[in-house]
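Notes follow the structure.
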Amino acid sequence: AGTDSPILPFGASLHLELECYSVGGLNNFEVLKTATSNAAKVLGADRDLGTIEVGKLADLLILDQNPLEDIRNARTIRTVILNGEVHSLSYLMKTK
């Protein structure tokens, strides 16, 4: 998931791909695994990335709605935890 950048803008292409996977028949849990643990495994980085576990690197999104109910809810980002620092989406939009 997310391999079409920079042809499409980063982030936007990922969300579009997730939605296409859902339309293509993957359930929403499988869609999220495609963008996280499965991607890390394919890249050979699953010892460090892809799941939330002690000792692994993790950037997290806090969403307003559950993407397991509707994959489009992955777009409802409220907060980003990046390298251990908590950022509101409004702050990130102002600084980037």
Side-chain angles (χ1 to χ4, degrees):
T3 60
D4 288 337
S5 292
I7 297 167
L8 297 173
F10 292 103
S13 65
L14 175 62
H15 288 290
L16 180 60
E17 284 185 57
L18 298 181
E19 292 165 18
C20 287
Y21 294 149
S22 181
V23 170
L26 294 180
N27 68 48
N28 293 338
F29 182 72
E30 293 169 327
V31 171
L32 294 173
K33 281 185 66 176
T34 297
T36 56
S37 60
N38 290 354
K41 193 175 294 183
V42 168
L43 293 171
D46 52 320
R47 290 187 67 194
D48 298 314
L49 304 171
T51 57
I52 302 169
E53 297 179 58
V54 173
K56 286 191 172 185
L57 303 171
D59 296 333
L60 303 171
L61 300 175
I62 298 173
L63 306 174
D64 284 328
Q65 297 178 27
N66 187 349
L68 295 175
E69 294 173 2
D70 184 333
I71 199 62
R72 292 174 296 185
N73 290 342
R75 295 178 182 254
T76 65
I77 301 164
R78 179 183 347 142
T79 305
V80 175
I81 303 173
L82 180 64
N83 296 323
E85 295 183 23
V86 179
H87 304 281
S88 69
L89 184 60
S90 60
Y91 170 79
L92 291 172
M93 296 301 288
K94 285 191 286 189
T95 60
K96 297 292 176 189

I want to check something: taking the side chain as every heavy atom from C-beta on, are T36 and T51 in contact at a cut-off of under 4.5 Å?
no

Using a 3.5 Å distance criterion without hydrogens, assess whether the side chain of E30 forms a donor-acceptor pair with backbone atoms of N27.
yes

Indicate yes or no: at least one non-hydrogen side-chain atom of L63 is less than 4.5 angstrom from one of N73.
no

Quick check: do N28 and P67 have side-chain heavy atoms less than 4.5 Å from each other?
no

Heavy-atom closest pair (K56 atom, D46 atom, distance to 0.1 Å) is NZ-O, 2.9 Å

Quick one: are D59 and V80 in side-chain contact, heavy atoms under 4.5 Å?
no

Given the rule that I, L, V, M, F, W and Y join up when any side-chain heavy atoms are under 4.5 Å apart, are L60 and V86 in one cluster?
yes

L68 reachable from L14 in the ILVMFWY side-chain graph, under 4.5 Å edges
yes

Residue pair Q65 / T76: nearest heavy atoms and the distance that separates them
N-OG1, 3.1 Å

Working to the nearest 0.5 Å, report the span between CD1 of I52 and CG of L57.
12.5 Å

V31 and Y21 have their tightest heavy-atom pair at CG2-CB, 3.8 Å

Mind checking the CZ-CD1 spacing from R78 to I62? Nearest 0.5 Å is all I need.
6.5 Å

Can you pull the ring pair (Phe, Tyr, Trp, His ring centres under 6.0 Å) pairs that have at least one residue in residues 30-89, sequence neighbours excluded?
H87-Y91

Quick one: does I71's side chain get under 4.5 Å of L32's, heavy atoms only?
yes

Point-to-point distance, once rounded to the nearest 0.5 Å, from OG of S37 to CG of L49
11.0 Å

Who passes side-chain hydrogen bond (donor to acceptor under 3.5 Å, both in side chains) against N38, sequence neighbours left out?
none

Tell me, do R75 and E19 make a side-chain contact under 4.5 Å, heavy atoms counted?
yes

